[in-house]
**Student:** 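Starting off with a structure, shown below.
Residue numbering restarts at 1 for every chain, and letters A, B, ... go by the order of the sequence lines.
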Number of protein chains: 2
Amino acid sequence: MDNAIAALQHDRDRLGRSSTAERVADVLRERIAEGLFVPGQRLSEETIGVALGVSRNTLREAFRLLGHERLLEHRLNRGVFVRVLSVEDVADVYRVRRVIECAAVRHSGNAGPQALALIGEAVEEATRAAAEGRWQDVGTANIRFHQMLAALNGSARLDETMRQLLAELRLVFHVMKNPRAFHEPFVARNLRLLELMRAGHAAEAERELESYLDDAEELLVKAYIPEP
Amino acid sequence: MDNAIAALQHDRDRLGRSSTAERVADVLRERIAEGLFVPGQRLSEETIGVALGVSRNTLREAFRLLGHERLLEHRLNRGVFVRVLSVEDVADVYRVRRVIECAAVRHSGNAGPQALALIGEAVEEATRAAAEGRWQDVGTANIRFHQMLAALNGSARLDETMRQLLAELRLVFHVMKNPRAFHEPFVARNLRLLELMRAGHAAEAERELESYLDDAEELLVKAYIPEP
DNA sequence: TATTGTCGAATTGTTGAACAATCCTTACGT
DNA sequence: ACGTAAGGATTGTTCAACAATTCGACAATA
């Protein structure tokens, strides 16, 4: 009985539905992630408000949320725009990734087997997609790989930070012309990384991940054509 | 001439002032930080809107910003409340701190002398305040110490994350009855940490910081009386 | 031609009023 | 003590309005 009540607390967030502003933010976040809105594009309050059937004020609340997630950029009296990442932004994102993901790998010895299993699923999905030439899906699976990797830290806040970082990086992915060139080399390295962790070689895994991220950053910047 | 134009780009952010919603968020953030609004307290749209002389819609935009920073909590149809951190929240914040700050210390060898100087200033300020029994100021200086410590990572995003984390922790500080008991022991340890880094003993500094954070978390949870 | 000044349309920033939906309290009845 | 009904209060959301600002076009000037 007391146990049943404790179980219910898990469903609490499913109860109180979200506000319209949050749901609008969810929709826009998804559209940005899939590249329907491209970096630099302005999001007109009028247009989007009519399209989604919400008032300008509600829409502005949603814009504030996405602005705080660095997916949108507010320019005073000029409107909100889909964020355009500079090269320095990309470098900064990778700095954070190195900190978070390396910490995860370093303590991967304490990780439960089910946590590693989730990473394994992402590796398999990426391998499958790569074999079939679905490079877009490879990118998605790769993102999930790193999300699950960061989850080894066991911190809800770090998970959320990681989510935002990867969402930012997706902004860059959609500007790239050749997704295969960027994603293909890392399928095998993801697997190697996982096996090093499974074997308990945390230190070596960390070194591998560091050079992994160095290479990824360099490759990404090279394939990226931004404005300074 | 072309050089002068490049110099102007540095002043761009000083130009376009912020919107009302952002400035309202700044004010509220400050008030929450200084404990004028206590955790659990509800912030009435009507009351605060009148007090600040802004409309409900503008105020709601500010609330969205602070909600995303985890300083406020939205409860649907019930209003916004100053966040109440659970013990699990505190544990999570310290998990993130361990990741970010330990990474900073580990690479402190690459840090420039001016970065360490900023940390030194925070140590001195804490020492001075402790000698004069200004425990509130000791807490503030201590926060700046860790902010500057995290800045060794050289990442704007990590700086911002650290800012938010410490703002969350401040929520707990204001519920504590005995600030001295919590802050006093760490003044000396801050200094020791700095000296280890100055001497280039990064590895030992990292070990010291880990036990530092373990102790701080335990002490904080013990002195904290939250609801589950 | 190139630069500057001016005007008007379009969009944002912000407000205030309005209404439905929801929550909270209180009183009531069993 | 318990459930219920009524009510007032607050939030969620929309709408209309206005000032302020930006942007583009066009004319004026050198």
Side-chain angles (χ1 to χ4, degrees), chain A residues 1 5 8 11-28 32 37-38 40-68 71-84 227, chain B residues 1-2 4-5 8-9 11-29 32 37-38 40-68 71-84 227:
Chain A
M1 169 57 175
I5 291 185
L8 280 183
D11 304 339
R12 276 181 56 162
D13 29 339
R14 241 193 291 177
L15 230 14
R17 238 172 27 268
S18 57
S19 68
T20 304
E22 293 173 57
R23 266 172 291 142
V24 169
D26 289 342
V27 170
L28 294 180
I32 293 173
F37 297 124
V38 301
Q41 180 176 350
R42 173 169 148 266
L43 301 188
S44 155
E45 295 184 355
E46 170 72 14
T47 306
I48 297 198
V50 170
L52 290 178
V54 298
S55 75
R56 277 182 63 209
N57 297 97
T58 298
L59 186 57
R60 286 173 62 88
E61 287 187 31
F63 281 170
R64 287 295 181 189
L65 291 174
L66 296 175
H68 209 282
L71 293 183
L72 297 183
E73 184 183 349
H74 281 77
R75 300 186 211 168
L76 196 61
N77 290 318
R78 226 166 292 184
V80 301
F81 299 75
V82 179
R83 186 87 187 287
V84 178
E227 60 254 62
Chain B
M1 168 58 175
D2 203 26
I5 291 185
L8 279 182
Q9 300 208 341
D11 304 340
R12 276 181 57 161
D13 28 341
R14 240 194 291 177
L15 231 13
R17 239 175 26 269
S18 57
S19 68
T20 305
E22 293 173 57
R23 266 171 290 142
V24 168
D26 289 342
V27 170
L28 294 179
R29 191 183 299 112
I32 292 172
F37 297 124
V38 300
Q41 179 177 352
R42 174 170 145 266
L43 301 188
S44 157
E45 294 184 355
E46 170 72 15
T47 306
I48 298 199
V50 170
L52 290 179
V54 298
S55 76
R56 278 183 61 209
N57 287 320
T58 298
L59 186 57
R60 286 174 63 88
E61 285 188 32
F63 281 170
R64 288 294 181 191
L65 290 173
L66 296 175
H68 208 282
L71 293 182
L72 297 183
E73 185 183 349
H74 281 78
R75 299 186 212 169
L76 198 60
N77 291 318
R78 227 167 289 184
V80 302
F81 300 75
V82 179
R83 185 88 186 289
V84 178
E227 59 255 60

**Student:** So does B/R60 get a side-chain nitrogen or oxygen closer than 4.0 Å to the phosphate oxygens (OP1/OP2) of D/dT11?
**Tutor:**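 The answer is no; no side-chain N or O of B/R60 sits under 4.0 Å from OP1 or OP2.
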**Student:** Could you tell me if the side chain of A/S19 sits less than 4.5 Å from the side chain of B/R64, heavy atoms only?
**Tutor:** yes
**Student:** With hydrogens left out and only the distance checked, is there a donor-acceptor pair under 3.5 Å joining B/R78's side chain and the base of D/dG12?
**Tutor:**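 Result: no qualifying N/O pair found.
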**Student:** So what does B/G53 hit on the nucleic acid, given a heavy-atom distance under 4.0 Å: a base, only sugar-phosphate, or nothing?
**Tutor:**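 Sugar-phosphate contact only - B/G53 comes under 4.0 Å of backbone atoms but never of a base.
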**Student:** Counting side-chain heavy atoms from CB outward, which of C/dG13, D/dT14, C/dT15 is closest to B/S55?
**Tutor:**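 Ranking C/dG13, D/dT14, C/dT15 by closest atom to the B/S55 side chain puts C/dT15 first.
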**Student:** Please tell me which of A/R56 and A/R23 maps to the more 5' nucleotide of DNA chain D, matching each residue to the nucleotide holding its nearest heavy atom.
**Tutor:** A/R23
**Student:** Find the distance A/F63:CZ to C/dT14:P and express it as a whole number of Å.
**Tutor:** 15 Å
**Student:** With DNA chain D as reference, determine whether A/E61 or B/R42 sits nearer its 5' end, using the nearest nucleotide of each.
**Tutor:** B/R42
**Student:** Nearest whole angstrom, please: distance from the P of C/dA17 to the CD of B/E46.
**Tutor:** 11 Å
**Student:** Rounding to a whole Å, what distance do you find between A/E22:CD and D/dT11:P?
**Tutor:**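 After rounding, the reported distance stands at 16 Å.
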**Student:** In this structure, how many angstroms lie between the C1' atom of D/dA16 and the CD atom of A/E45, rounded?
**Tutor:**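 Spelled out: CD on A/E45 to C1' on D/dA16 is 15 Å.
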**Student:** Taking everything shown except A/Q41 itself, do over 12 heavy atoms lie less than 6.0 Å from its CD?
**Tutor:** yes
**Student:** Nearest to the side chain of A/T58 - C/dT14, D/dT14, D/dT11?
**Tutor:** D/dT14
**Student:** Does this structure show an ion pair linking B/R29 with B/D26, if we count only N-O contacts that are shorter than 4.0 Å?
**Tutor:** yes
**Student:** Nearest to the side chain of B/L76, which nucleotide is it out of D/dG12, C/dT14, D/dT11?
**Tutor:** D/dG12
**Student:** What I'd like to find out is whether the side chain of A/V82 reaches to under 4.5 Å of the side chain of A/L43, using heavy atoms alone.
**Tutor:**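 Heavy-atom side-chain distance check passes, below 4.5 Å.
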**Student:** Please state how far atom CG in A/L59 lies from atom P in C/dT11, giving the value in whole angstrom units.
**Tutor:** 14 Å
**Student:** Taking atom C1' of D/dA20 as reference, at what distance in whole Å does atom CZ of B/R17 sit?
**Tutor:** 11 Å
**Student:** For residues A/V84 and A/G40, report the shortest heavy-atom separation together with the two atoms involved.
**Tutor:** CG2-N, 3.2 Å
**Student:** Report the nucleotide, chosen from C/dT12, D/dG12, D/dC15, that has the shortest atom-to-atom distance to any side-chain atom of B/N57.
**Tutor:** D/dC15
**Student:** Is the phosphate of C/dC23, meaning OP1 or OP2, less than 4.0 Å from a side-chain N or O of B/R75?
**Tutor:**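 Result: no.
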**Student:** Starting from P on C/dT22, measure out to CG on B/N77 and report it in whole angstrom.
**Tutor:** 7 Å
**Student:** Expressed in angstrom and rounded to an integer, what is the separation of A/L72 atom CG from C/dT12 atom C1'?
**Tutor:** 15 Å
